[in-house]
Amino acid sequence: MADLSTEFAGIKSPNPFWLASAPPTDKQYNVERAFEAGWGGVVWKTLGEDPAAVNVSSRYSATYDGFGSVAGFNNIELITDRTLEVNLREIEAVKKSWPDRALVVSLMVPCEEESWKKIVKQVEQTGADGLELNFGCPHGMPERGMGAAVGQVPEYVEMVTRWCKQHSTLPVIVKLTPNITDIRFSARAAHQGNADAVSLINTINSITSIDLDNMVARPIVDGKSTHGGYCGPAVKPIALNMVSEIARDPETKGLPISGIGGINNWRDAAEFISLGAGCVQVCTAAMIYGFRIVSEMKDGLSRWMDSKGYEKLTDFQGLAIANTTDWKYLNMNYKVVASIDDEKCIGCGRCYIGCEDTSHQAIKAVAQADGSNKFEIIDAECVGCNLCQITCPVENCITMVKQDSDKPYMNWTQDPRNPYRDAS
């Protein structure tokens, strides 16, 4: 059976599934229930200076897919609203009871060295395994000069990271905001500040929906609303891209990454790990389905690894990075053409409609004697865009078939059609 144990930035845990800093990790009761369910680690909900933050009601909203399941989750909740003393006492108690689990503490205080120095020393005394610097919170805290207000300025990221490394012996993980033009700049800054790792992504600025009867966004607080932080399955593609950008960047090569964003099952976790993540953090899935989902995640990942011959996570960690590149280096001479399996086709015509109305008119409808249509690919017009395959409701009915070519590899920097191609 596959070994799921991890060592991330020097922090050991029995499996790579950690709960992210959020409501599920706000107190001892929750965290101990999580560990009993089998989670490998937690990042304790963000601590700050006293007096504690004050939250509003209500705090959450969501978007839904066509089956009624939560696709995206929005929150306007702030950092912990419990006192620092209570949180520190509970962190110490949990770590003593669960020494084999990773317990990292998220922190956010004003951008002053003395404030950071004081709180990291207090956390060290609890026996916690590491620190996560919350430079990503997109609502409430940036107005106070914290959260994304720090994470969006690389100079501040480097400065605060360096303070924490100077004043603490614990591993320092920097949690990055996705609400920025290029995630690599913040990651580089964290690296230059001697961070032991980065975690990403934090939540994305969002308004999920509008109550059109009352003309107010959700969640609603006494007839008003504000933007919140978006997470859940809908953000996974954004998170995967940002993780890969850091993993591929020569300036942050080798920097450990904790992947966050829409991890709902073992496959999501495997995708993050294949792009270089050393562990993953989960929030929305736990809030929707409860802590016991980790059993399915662990079982599914272990079984998949066994089927592939991977004995440990590092056997496939980062393997997808070598196949992730910039657009300009893709092979311009590679071509695929769609192929329809007539035996599987149900004649719905969705491929035809999509291609005819919005793509390349590469599918023709051939009327049959019984009044139905048969759909055929016009190879000469097909550009291999995949739209027909995506819209088809029948699995493997439409496949993309590679076309034989005697043309060698040629990327856009070499293509004679590119007026700015490399002179060489």
> Sequence neighbours excluded and cut-off under 3.5 Å, please list the side-chain donor-acceptor pairs for residues 276-286, or say none.
residue	atom	partner	partner atom	Å
Gln281	NE2	Glu132	OE2	3.2
Gln281	NE2	Ser258	OG	3.0
Thr284	OG1	Gly232	N	3.4

> Taking NZ, NE, NH1 and NH2 as the nitrogens, is one of them in Lys45 or Glu77 under 4.0 Å from a carboxylate oxygen of the other?
yes
> Salt bridge (Lys or Arg N to Asp or Glu O under 4.0 Å) with Arg82: which residues, sequence neighbours excluded?
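For Arg82 the salt bridge (Lys or Arg N to Asp or Glu O under 4.0 Å) partners, ignoring immediate neighbours, are Glu90.
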> Distance from Ile363 atom CD1 to Arg350 atom CZ, nearest 0.5 Å?
12.5 Å
> Going by the rule ring pair (Phe, Tyr, Trp, His ring centres under 6.0 Å), which residues pair with Tyr156 if we only count those two or more places apart in sequence or in a different chain?
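For Tyr156 there are no ring pair (Phe, Tyr, Trp, His ring centres under 6.0 Å) partners, ignoring immediate neighbours.
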> Between Val366 and Asn373, is any pair of side-chain heavy atoms under 4.5 Å apart?
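The answer is no; the side chains never approach within 4.5 Å.
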> Does Ser209 have any side-chain hydrogen bond (donor to acceptor under 3.5 Å, both in side chains) partners at least two apart in sequence or in another chain, and if so, which?
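side-chain hydrogen bond (donor to acceptor under 3.5 Å, both in side chains) list for Ser209, sorted by chain: Arg218.
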> Under the side-chain hydrogen bond (donor to acceptor under 3.5 Å, both in side chains) test, which residues partner Asn214, sequence neighbours left out?
Asp211
> Using the ring pair (Phe, Tyr, Trp, His ring centres under 6.0 Å) rule, collect all pairs that involve residues 332-381, keeping only residues at least two apart or in two chains.
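Every ring pair (Phe, Tyr, Trp, His ring centres under 6.0 Å) pair that includes a residue of residues 332-381, provided the two are not neighbours, is Tyr352-Phe375.
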> I'd like to check the side-chain hydrogen bond (donor to acceptor under 3.5 Å, both in side chains) partners of Ser168; sequence neighbours left out, ordered by chain and number.
Glu124
> Quick one: CD1 on Ile257 to CG on Leu275, what's the gap to the nearest 0.5 Å?
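The CD1 atom of Ile257 sits 9.0 Å away from the CG atom of Leu275.
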> Any chance you could measure Leu176, atom CG, to Ser199, atom OG, to the nearest 0.5 Å?
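Atom-to-atom, Leu176:CG and Ser199:OG are 6.5 Å apart.
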> Please name all residues satisfying side chain to side chain contact (heavy atoms under 4.5 Å, CB included) with Glu311, sequence neighbours left out, ordered by chain then number.
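Side chain to side chain contact (heavy atoms under 4.5 Å, CB included) check on Glu311 returns Asp315.
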> So, Ser244 versus Thr324: side-chain donor-acceptor pair below 3.5 Å or not?
no
> Between Tyr230 and Phe73, is the ring centre distance below 6.0 Å?
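Centroid distance Tyr230-Phe73: not below 6.0 Å, so no.
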> Can you list the residues that meet the side-chain hydrogen bond (donor to acceptor under 3.5 Å, both in side chains) rule with Asn265, with sequence neighbours excluded?
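Here no residue qualifies.
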> Taking the six-membered ring for Trp and the single ring otherwise, decide whether the centroids of Tyr420 and Trp412 are under 6.0 Å apart.
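No, the ring of Tyr420 stays outside the 6.0 Å limit from the ring of Trp412, centre to centre.
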> May I ask you to test the Trp44-Leu103 pair for a side-chain heavy-atom distance under 4.5 Å?
yes
> List in chain and number order the residues that pass salt bridge (Lys or Arg N to Asp or Glu O under 4.0 Å) with Lys236, two or more places apart in sequence or in another chain; answer none if no residue qualifies.
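Partners of Lys236 under the salt bridge (Lys or Arg N to Asp or Glu O under 4.0 Å) test: Asp268, Glu271.
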> What residues, two or more places apart in sequence or in another chain, satisfy salt bridge (Lys or Arg N to Asp or Glu O under 4.0 Å) together with Asp415?
Arg417
> Applying the side chain to side chain donor-acceptor pair (under 3.5 Å) criterion to Asp249, which one of His191, Arg184, Arg188 satisfies it?
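Among the candidates, only Arg188 passes.
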> According to the salt bridge (charged side-chain N to carboxylate O under 4.0 Å, His left out) rule, which pairs have a member within residues 319-333, sequence neighbours left out?
Arg248-Asp326
> Measure the spacing between OG1 of Thr161 and CD1 of Ile173 and express it to the nearest 0.5 Å.
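The CD1 atom of Ile173 is 11.5 Å from OG1 of Thr161, to the nearest 0.5 Å.
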